[in-house]
Amino acid sequence: MTSTEIISDGTVPDARAVFDAAQHLNPYPGYQRMRETPGPTTVRLGDTEVNVLSRFADCAAVLGSQAWGHGNVDRLSPFWDQEASLPGSFIRMDPPDHRRLRALVNKAFSARMVADLAPRITALVDDLVDRAVTAGGLDVVRDLSAPLALAMVGRRLLGVPEQDAELLRSWELAVARGTDPEPLLSPEEIAARDTAGASVVAYLAELAAKRRAHPEDDLLSRLVAVEESGEVLTPAEVIGICVLLLVAGMETSINLVGNGILALLAHPEQLALLRTQPDLAGPAAEEILRYDTPTQFTMRVALADSTIDGHDYHRGDGVIVLMGSADRDPDVFPAADTLDVARYARAGRAPRHLGFSLGLHYCLGAPLARLEASTAIRTLVQRAPGLRLAVDPADLTYQPSVIHRGLRSLPVELTATTA
Ligand code: HEM
């Protein structure tokens, strides 16, 4: 039974059926059905019922409103039990704590720092694509997007040396899977997340201590040194921020490049357009964030009584905000189910998508994510004219997470001619 059938029978479906990994290949028809069904979709998450917001206007209204936030994380415990095993981070905080921590990180995470990373990103991507051209193929996830994210978030931000990159990737995968709502996880996945979380916290604490004594050219060193209005980040806060950057920044950027290349391969005319107009790489990355976004949903709790689309919410009520659906809403995006790499390049531009969220929690790493993705996509498309999928599309598999949408692997062939 698909989520579409379950939703239409009038009963409250289990969230496991709605966010079923079996729909990973294409969750969008199910989302469309939710959008077309009047009112919110109510799902059962553990022993709680929660509304899923699938239309753009409702998602944007919640994300952009101060009446919605995270409240006391205890109230979100059916969804977010991982807070118990991972250090708290400001992505789940409300003002004033959120404001204080985000401002401190912003200071270390400046626009200039991101711009300074551009030559490194270009050089690394050139090198990875050169190797792939010589080899005649690559796995876009294993050989391009993951090494790029590990080098930027892992090494340049967190200061993790190259020899530990694989270890970091294995921890990151277990922790990222564990950020799905708790009732959607198996006991094994919860145990794997908790073990990986403890390992990564211990590892980063040791690394932070080293950087306190001997600063290096990485964000971790700047974080341990950061001061604002006489305020210093505590060691626990530094670790919380690092784990946040790892979880929020690595899986997402890896998935954006993979989802993007797959979308382009499925739309050869868009791939051809991008090949002839490399300046469209930036708008194309934006369009991929709208079309097949790496972060499918987030959650919010009503901090005050609030009405969304005629439905009354009371303080403490939780909602799932399904950005993956909002960004396919035809009321906002004409031909919403069509990949159009020039959409964000045309005069008047398309409305802002929700792939990086909106409001107070708007993605802090968006400039870095945009730079990484546009460089990787432009270089691969330009340098490898004969880009094509090396496996049957039906054999592609996705990571098990439902919040994060991304391929486990994307093998492609590269040839010297535009076959
Ligand atoms: C394609 C890549 C990325 C996507 C799709 C993405 C998406 C998001 C989304 C949707 C949120 C908001 C969640 C919410 O409102 O509940 C967010 C927040 C955040 N992201 Fe990203 N992100 C990406 C890359 C990155 C990178 C590379 C970093 C840093 C290295 C990063 C760091 C953060 C942080 C720190 C927050 C929390 C901001 C806050 O709570 O104030 N992200 N991201």
Side-chain angles (χ1 to χ4, degrees), residues 53 59-60 62-65 68-70 73 76 79-80 88-106 108-110 113-114 117 121 145 148-160 172 176 179 218-220 223 237 240-260 285-301 318-324 326-327 352-377 401 403-406:
L53 305 180
C59 293
V62 164
L63 293 176
S65 164
W68 291 85
H70 294 285
V73 273
L76 283 172
F79 316 145
W80 294 106
S89 65
F90 61 84
I91 199 168
R92 302 272 163 258
M93 290 177 190
D94 297 322
D97 289 336
H98 172 265
R99 195 181 306 115
R100 177 181 71 88
L101 288 169
R102 180 165 168 130
L104 286 166
V105 180
N106 247 335
F109 205 101
S110 66
M113 192 206 80
V114 174
L117 288 176
I121 292 175
S145 63
L148 178 59
L150 281 162
M152 292 307 132
V153 180
R155 200 150 67 248
R156 303 309 320 163
L157 301 186
L158 305 181
V160 174
E172 175 271 318
T179 53
D218 50 40
L219 180 70
L220 177 62
L223 283 178
E237 286 169 341
I241 288 165
C242 289
V243 174
L244 170 62
L245 295 180
L246 181 69
V247 176
M250 192 168 295
E251 196 56 21
T252 47
S253 359
I254 293 172
N255 292 340
L256 180 58
V257 175
N259 295 359
E286 223 53 52
E287 171 68 347
I288 293 156
L289 279 155
R290 181 198 72 80
Y291 179 80
D292 198 18
T293 199
T295 312
Q296 291 282 299
F297 64 87
T298 185
M299 291 165 185
R300 290 292 189 273
V301 164
V319 289
I320 292 178
V321 182
L322 191 53
M323 291 96 82
D327 285 343
R352 206 191 217 190
H353 58 74
L354 300 182
F356 287 131
S357 190
L358 190 78
L360 290 184
H361 293 278
Y362 183 79
C363 177
L364 192 68
L368 177 60
R370 287 186 166 116
L371 190 60
E372 282 184 19
S374 57
T375 309
I377 290 169
S401 169
I403 286 189
H404 295 291
R405 175 166 169 76

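Keep in mind that the numbers below use all heavy atoms, side chains included, and drop hydrogens, waters and symmetry copies. Keep in mind it's a predicted model, so treat the numbers as computed, not measured. In each ligand, atom 1 is the first atom listed, and ligand 1 is the first ligand listed.
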Asker: With heavy atoms only and a cut-off of under 4.0 Å, state how Leu354 meets ligand 1: side chain, backbone, both or neither.
Answerer: neither
Asker: Of Asp292, Ile288, Thr293, which meets side-chain contact (heavy atoms from CB on, under 4.5 Å) against Leu256?
Answerer: Ile288
Asker: Is the closest N or O pair between Ser357 and ligand 1 shorter than 3.5 Å?
Answerer: yes
Asker: Once rounded to the nearest 0.5 Å, what's the spacing between atom CD1 of Ile91 and atom SG of Cys363?
Answerer: 8.0 Å
Asker: Return the residue, atom name and 0.1 Å-rounded distance of the protein heavy atom closest to atom 32 (C) of ligand 1.
Answerer: Gly365 N, 3.7 Å
Asker: How long is the gap from OG on Ser357 to CG on Leu63, to the nearest 0.5 Å?
Answerer: 4.0 Å
Asker: What atoms of ligand 1 come closer than 4.0 angstrom to any heavy atom of Leu244?
Answerer: 35 (C)
Asker: Ignoring hydrogens, just give me the one of Thr298, Ile254, Leu256 whose non-hydrogen atom is nearest atom 16 (O) of ligand 1.
Answerer: Thr298
Asker: Which atoms of ligand 1 sit under 4.0 Å from any heavy atom of Arg102?
Answerer: 38 (C), 39 (C), 41 (O)
Asker: Judged on heavy-atom distance to atom 10 (C) of ligand 1, which of Gly355, Ala149, Cys363 sits nearest?
Answerer: Gly355
Asker: Starting from atom 34 (C) of ligand 1, which protein heavy atom do you reach first, and at what distance in Å?
Answerer: Leu364 CB, 3.8 Å
Asker: Using side-chain contact (heavy atoms from CB on, under 4.5 Å) as the criterion, point out the one residue from Leu358, Leu354, Thr298 that pairs with Val321.
Answerer: Thr298
Asker: Minimum heavy-atom separation for Ser89 to Gly240, with atom names?
Answerer: CB-O, 3.7 Å
Asker: Between CE of Met113 and CG of Leu157, what distance do you get to the nearest 0.5 Å?
Answerer: 5.0 Å
Asker: With heavy atoms under 4.0 Å as the rule, classify the contact between His361 and ligand 1 as side chain, backbone, both or neither.
Answerer: both
Asker: When you measure from the heavy atoms of Met323 to every atom of ligand 1, does any distance fall below 4.0 Å?
Answerer: yes
Asker: Would Arg300 count as a polar contact of ligand 1, with the cut-off being nitrogen or oxygen pairs under 3.5 Å?
Answerer: yes
Asker: Nearest 0.5 Å please: distance from the CE atom of Met152 over to the CG atom of Leu368.
Answerer: 8.0 Å
Asker: Please state whether Ile241 comes within less than 4.0 angstrom of ligand 1, counting heavy atoms only.
Answerer: no
Asker: Under 4.0 Å, heavy atoms only, figure out whether ligand 1 is touched by the backbone of His98, its side chain, both or neither.
Answerer: side chain
Asker: What is the closest protein heavy atom to atom 33 (C) of ligand 1, and at what distance does it sit?
Answerer: Ala248 CB, 3.7 Å
Asker: Can you see which heavy atom on Cys242 is nearest to which on Leu223, and at what distance?
Answerer: SG-CD1, 4.3 Å
Asker: How many angstroms lie between atom CD of Glu372 and atom CG of Leu148, to the nearest 0.5 angstrom?
Answerer: 4.5 Å
Asker: Looking only at protein heavy atoms, which one is nearest to atom 24 (C) of ligand 1, and what is the separation?
Answerer: Thr252 OG1, 3.4 Å
Asker: Just to be sure I read this right, does ligand 1 sit under 4.0 Å from the backbone of Asn255, its side chain, both, or neither, counting only heavy atoms?
Answerer: neither
Asker: Any atoms of ligand 1 less than 4.0 Å from a non-hydrogen atom of Leu360? List them with their elements.
Answerer: 41 (O)
Asker: Ring centres of His361 and His98 under 6.0 Å apart?
Answerer: yes
Asker: Cation-pi between Arg352 and Tyr362: NZ/CZ under 6.0 Å from ring centre and within 45° of the ring axis?
Answerer: yes
Asker: Going by the atom numbers of ligand 1, which of them fall below 4.0 Å from some non-hydrogen atom of Ala369?
Answerer: 1 (C), 2 (C), 24 (C)
Asker: Does the N or O separation between Thr295 and ligand 1 drop below 3.5 Å for any pair?
Answerer: no
Asker: Is there a side chain to side chain donor-acceptor pair (under 3.5 Å) between His404 and Gln296 once you walk through the steps?
Answerer: CA-CA 6 Å; His404 295 291; Gln296 291 282 299; over 6 Å; no
Asker: Going from CE on Met250 to CG on Leu158, what distance comes out if it is rounded to the nearest 0.5 angstrom?
Answerer: 6.5 Å
Asker: Write out the residue and atom name of the closest protein heavy atom to atom 30 (C) of ligand 1, then the distance separating them to 0.1 Å.
Answerer: Leu157 CD1, 3.4 Å
Asker: Flag Thr293 as yes when one of its N or O atoms lies below 3.5 Å from any N or O atom of ligand 1, and as no otherwise.
Answerer: no
Asker: Among all protein heavy atoms, pick the one closest to atom 26 (C) of ligand 1 and tell me residue, atom and distance.
Answerer: Gly249 CA, 3.3 Å
Asker: Go through ligand 1 atom by atom and flag the ones less than 4.0 Å from a non-hydrogen atom of Ser253.
Answerer: 2 (C), 27 (C)
Asker: Salt bridge between Asp218 and Arg155, side-chain N to carboxylate O under 4.0 Å?
Answerer: no
